[in-house]
Amino acid sequence: MNTVTVSRKAEDRLESGHPWIYLSDVTGRGQASAGEVVRVAGPKGRCLGVAHYSASSQITLRMLSRQDEAVDRVFYLRRLQAALDHRRRVVHESDACRLVHAEGDLLPGLIVDRYGGYLVVQFLDQGMDAAKDVLVDCLRELVEPQGILARNDVQVRKLESLPQESCVLAGEIPEWAAVHMNGLTLRADLLHGQKAGVYLDQRENYLAAARWARGRALDCFTSSGGFALHMATRCESVEGVDTSSQALRAAEANRTANAVANVTFREANAFDYLGGLAAARRQFDTVVLDPPAFTKSRSNLDAALRGYKEINYKALKLLGPGGVLVTCSCSHHVSEGALAGVLAEAALDAGRTLRVLERRSQAQDHPILLTVPETLYLKCLICEVL
Ligand code: SAH
């Protein structure tokens, strides 16, 4: 194993529980090559553990263990088994879930999602990419899937100088698979579509939204209809709105598969559509807002917050006393406090008083490490208009 030496600052960062070491804190890399497992040594030569080495990214090292141990098949089997054990405790009524949530499962750079009998994996750094054969082998042994697909067509791989591509790694992969979640049957578009069109991270929030939803409901940014279909049994009617005709086709297929009669879908820009409904003085009892991330970087935070404030303001204009607002943000850089802050401002501007019913986050199969803030990205507030 090659040894990479790091600065005092990097050592302190590891001591604070974060597994990343940046290029600027690497003081010597020896013969280390792209994707290798390396021993990490502090400025005085003390072994700090073992890591995946990236020759391209600003994040040069991602720690795999704080022990000086071999990272081999046995190591990966142990980490994967622990990840699967956790899912057994927290995933119910679903054959679709996230099996591995990268740093959240002490496997930085690796995402594994299960959709029924199929696994969709993402190797997000050079180290995990180099380990793909052994990882596929371990997953076959532990999960026995019908097929494993690599969805490596993601932007972050560019930072690692890795190609963006999708390829079948084991078995066979159909165009789409029917998965079961909270009593619904949903279509997972394995080969295309964002997150295969099944938003695993919202699984628990769907149930929460359905618990509070009532009357006439509006689901903005509905995509394949996740919130809309979950709320249908509790509501008189639900309208789902999205700009993507492809997502809406999946939503309609999901509606048909579940024989739901009181949900309609409409192709529209949610910002404009909400404004138009308010101008026409239309009222709803429940509104869901689950937009895409408005920013992926801290530098755009102010613009993102203005966006969140605007849609929440527009949604609140449609809700009278007793109305329920389910509002989400999947921007990592927008904290729950910041989201609550703009929601409070929007409520004041709209002349509404909001009571918080639930403060929620991503489903528990997307585990959060307290010392790794990047593992927490989804916020969901459920509020009632007084
Ligand atoms: N709520 C969905 C997931 C939403 S993902 C679920 O749980 O299944 C975000 C969605 O917002 C995407 O489907 C995208 O097409 C849509 N979108 C992006 N900008 C939009 C806009 N301005 N108006 C309406 N939909 C938009």
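Computed from heavy atoms alone, side chains included, the values below leave out hydrogens, waters and symmetry copies. Whatever order the structure lists them in is the order used to number ligands and atoms, beginning at 1.
- The single protein non-hydrogen atom nearest to atom 23 (N) of ligand 1 is A270 N, 2.8 Å, given as residue, atom name and distance.
- Under 4.0 Å from ligand 1, the heavy atoms of Y199 that appear belong solely to its side chain.
- Residue-ligand proximity, S244 to ligand 1, at heavy-atom distances under 4.0 Å covers atoms 15 (O).
- Among protein heavy atoms, the minimum distance from atom 22 (N) of ligand 1 is reached at N269 OD1, 3.3 Å.
- Atoms of ligand 1 lying under 4.0 Å from at least one heavy atom of D290, given by number and element, are 1 (N), 2 (C), 3 (C), 4 (C), 6 (C), 7 (O), 9 (C).
- At least one side-chain heavy atom of V288 sits less than 4.5 Å from a side-chain heavy atom of M231.
- When all heavy atoms are compared, the tightest approach of V100 to A83 is CG2-CB, 4.3 Å.
- Applying the ring pair (Phe, Tyr, Trp, His ring centres under 6.0 Å) definition to pairs two or more places apart or across chains, those involving residues 45-102 are H101-H366.
- Polar contact check, F221 against ligand 1: a nitrogen or oxygen pair lies under 3.5 Å apart.
- Less than 4.0 angstrom separates some heavy atom of P292 from each of these atoms of ligand 1: 9 (C), 11 (O), 18 (C).
- Residue-ligand proximity, T222 to ligand 1, at heavy-atom distances under 4.0 Å covers atoms 1 (N), 2 (C), 6 (C), 8 (O).
- The shortest side-chain heavy-atom distance between F227 and C328 falls under the 4.5 Å cut-off.
- Residue R359 qualifies as open at atom CZ: its count of foreign heavy atoms under 6.0 Å is 12 or below.
- For F227, no nitrogen or oxygen atom sits less than 3.5 Å from a nitrogen or oxygen atom of ligand 1, counting backbone and side chain alike.
- With rounding to the nearest 0.5 angstrom, the CG atom of L80 is 9.0 Å from the CG atom of L99.
- Counting only heavy atoms of the protein, atom 26 (C) of ligand 1 lies nearest to T243 OG1, 3.2 Å.
- Each of the following atoms of ligand 1 lies closer than 4.0 Å to a heavy atom of G226: 8 (O).
- Looking only at protein heavy atoms, the nearest one to atom 10 (C) of ligand 1 is D242 OD2, 3.5 Å.
- Close approach of ligand 1 to Y206 is summarised as follows: ligand atoms under 4.0 Å from at least one heavy atom of the residue are 6 (C), 7 (O), 8 (O).
- Side-chain heavy-atom separations under 4.5 angstrom define the hydrophobic clusters, and the remaining members of the one that includes L376 are I368.
- Looking at P367 and D105, their side chains come closer than 4.5 Å, going by heavy atoms from C-beta outward.
- Near A268, with a cut-off below 4.0 Å to any heavy atom, the atoms of ligand 1 are 23 (N), 24 (C).
- No donor-acceptor pair under 3.5 Å is formed between the side chain of N152 and the backbone N or O of E165.
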